[in-house]
Amino acid sequence: MTVDETLARQVIEAVDQDEAIALLQALVRDSASVNPPGDVRESIRVCQEKLAAEGFETELIGDTDIIPNLIASVRRGDGPTLLFNAHVDVVPTGTLEAWSHPPFAAEIADGRVYGRGAGDDKASVTAQVMGAIAFARSGVPFSGTLIVNVVGDEETGGRHGAKFVAENIRTRPDFAIVGEQTFNRIAVGERGFAGTNVIVHGRAAHGALPWEGANAIEGMAAVIVALRSELWPKLEERTHPYFHHSSASINLIEGGVKQNVVADRCSIYI
């Protein structure tokens with residue numbers, strides 16, 4: 001076994017599996033972290049207290065009270081700085097009846113923790129926090145700085161999370177590892193994101209006399225059909241060697257004011 005392998009084994013042996021599972025469960029149970037609005041104060045508190053107890057210097061930065069971002073550091077000399085980054089906000093649960101386990105119970109079944117965020121991205125947060133703690137506990141010598149950066153906003157664009165941290169962190173990292181769901185494969189980037197609203201305007205009328213109006217919902221239906229048949233195939237032609245092809249998805253739709261009134265407005269979010 002080489003020196004590097006020996007040191008790596010020291011760190012791995014310092015990982016407490018039960019402690020890691022308990023941390024993941026505590027984070028999953030934070031139902032307030034659904035974003036929007038994304039009140040992640042409890043999740044951040046749990047991570048901050050755990051890292052501080054292991055000797056990490058901690059501070060919170062952010063531009064909104066309910067979305068703090070944790071920066072926890074351990075410094076050993078003047079070497080390079082490595083930053084771990086992952087987020088604790090989660091997307092809404094959707095229909096509760098579709099869940100096999102309550103989304104915020106963090107139940108364990110067949111060796112897995114179930115709940116909203118158990119994978120994306122509180123598993124990554126747990127791995128990075130516990131990995132950093134194991135590294136500190138192991139006593140492995142190093143020269144440099146390790147930063148654990150747990151951010152509170154990723155699911156709505158990251159302007160209160162990673163973007164704010166990148167613009168305001170005092171110690172600039174030389175390297176960063178972003179924890180996301182990649183099935184344990186190293187990824188060197190991610191697909192970009194751009195959203196847009198499309199609005200169709202019509203003319204209201206009584207539902208008994210629809211020909212006197214212009215139905216915006218029906219107009220939007222034609223737009224959606226055209227997007228699927230004409231634009232989606234063009235997006236699939238846009239490829240990159242590291243990623244899936246470009247794509248689009250209509251994820252929100254809103255229209256109409258009353259059951260017996262012809263809709264004069266309909267909007268979609270792509």
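Treat the numbers as computed from the prediction; the structure is a model and nothing was measured.
- Here the CG-CD1 distance, from Asn251 to Ile268, works out to 10.0 Å after rounding to the nearest 0.5 Å.
- Contact detail for Arg75 and Thr145: the closest heavy-atom pair is CG-OG1, 3.4 Å.
- Side chains of Arg116 and Ser33: no donor on one and acceptor on the other come within 3.5 Å.
- Defined by atom type and a distance below 3.5 Å, a donor-acceptor pair is missing between the side-chain atoms of Thr2 and Asp4.
- Following chains of ILVMFWY side-chain contacts shorter than 4.5 Å, one cannot reach Leu70 starting from Ile169, and the two form parts of different hydrophobic clusters.
- A donor-acceptor pair shorter than 3.5 Å can be found between the side chains of Gln48 and Thr58.
- When side chains are defined from C-beta on, Glu59 counts as touching Arg170, because their heavy atoms get closer than 4.5 Å.
- Scanning all heavy atoms of the two residues, the minimum distance from Cys47 to Val129 falls at SG-CG2, 4.3 Å.
- Using modelled atom types, one finds a donor on one side chain and an acceptor on the other under 3.5 Å when comparing His101 with Glu107.
- The backbone N or O of Pro68 lies less than 3.5 Å from no partner atom in the side chain of Arg41, so there is not a single donor-acceptor pair.
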Query raised in the report: Which is it for Glu54 and Leu51 under the side-chain contact (heavy atoms from CB on, under 4.5 Å) test, yes or no, and what are the steps along the way?
Result: CA-CA 5 Å; Glu54 300 293 334; Leu51 287 161; 5.8 Å; no
Report task. Using the side-chain contact (heavy atoms from CB on, under 4.5 Å) rule, take Ser267 and Glu254 through it: C-alpha gap first, then chi angles, then the decisive distance, then the call. Result -> CA-CA 5 Å; Ser267 66; Glu254 182 180 37; 3.8 Å; yes
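- Checked by atom type, the side-chain pair Asp153/Asn35 shows a donor-acceptor distance below 3.5 Å.
- Between Arg45 and Glu49 there is a salt bridge, since at least one side-chain N of the basic residue sits less than 4.0 Å from a carboxylate O of the acidic one.
- How far CG of Asn69 is from NZ of Lys163: 12.5 Å, rounded to the nearest 0.5 Å.
- The pair Glu230-Lys234 fails the salt-bridge criterion, with no side-chain N (NZ, NE, NH1 or NH2) lying under 4.0 Å from an Asp/Glu carboxylate O.
- Asp121 places a side-chain N or O within donor-acceptor distance of the main-chain N or O of His87, the cut-off being under 3.5 Å.
- Annotation: His244, atom NE2; neighbour count of heavy atoms from other residues, nucleotides and ligands within 6.0 Å does not exceed 12.
- Between Ala204 and Val261, the shortest heavy-atom contact is CB-CG1, 4.3 Å.
- At distances below 3.5 Å, not a single donor-acceptor pair connects side-chain atoms of Arg29 with backbone N or O atoms of Phe104.
- Remark: Asn260 CG is packed, more than 12 non-hydrogen atoms of other residues, nucleotides or ligands lying under 6.0 Å away.
- Thr182 places a side-chain N or O within donor-acceptor distance of the main-chain N or O of Arg185, the cut-off being under 3.5 Å.
- Side-chain atoms of Asp63 and His160 include a donor-acceptor pair closer than 3.5 Å.
- Val28 and Gly117 get closest at one heavy-atom pair: CG2-C, 4.3 Å.
- Without hydrogens or angle criteria, Trp232 side chain to Ala226 main chain gives no donor-acceptor distance under 3.5 Å.
- Of all the heavy atoms in Arg191 and Ser247, the pair that sits closest is NH2-OG, 2.7 Å.
- Glu212 and Arg203 are not joined by a salt bridge, as no carboxylate oxygen comes within less than 4.0 angstrom of a charged side-chain nitrogen.
- Minimum interatomic distance between Pro141 and Leu7 (heavy atoms only, all atoms of both residues): CD-CD2, 4.4 Å.
- Checked by atom type and distance alone, the side chain of Lys122 pairs as donor or acceptor with a backbone atom of Leu27 at under 3.5 Å.
- In this structure a side-chain-to-backbone donor-acceptor pair under 3.5 Å is missing from Asn215 to Val262.
- The CD atom of Glu190 lies 15.5 Å from the OH atom of Tyr242; values are rounded to the nearest 0.5 Å.
- The closest donor-acceptor contact from the side chain of Asp174 to the backbone of Pro80 lies at 3.5 Å or more, if one exists at all.
- Criterion: ILVMFWY side-chain heavy atoms under 4.5 Å apart, direct or through other members. Under it, Val125 and Leu24 are not part of a common hydrophobic cluster.
- For the atom pair His201 NE2 and Arg265 CZ, the distance stands at 6.0 Å (nearest 0.5 Å).
- The closest donor-acceptor contact from the side chain of Ser138 to the backbone of Val140 lies under 3.5 Å.
- Note that the CG atom of Leu23 and the OG atom of Ser43 stand 9.5 Å from one another [nearest 0.5 Å].
- A side-chain donor-acceptor contact under 3.5 Å links Gln128 to the backbone of Asn85.
- Distance check, rounded to the nearest 0.5 Å: CD1 of Ile67 to CG of Leu60 gives 13.5 Å.
- Inspection of the Ser124 and Gln181 side chains reveals an N or O donor paired with an N or O acceptor under 3.5 Å.
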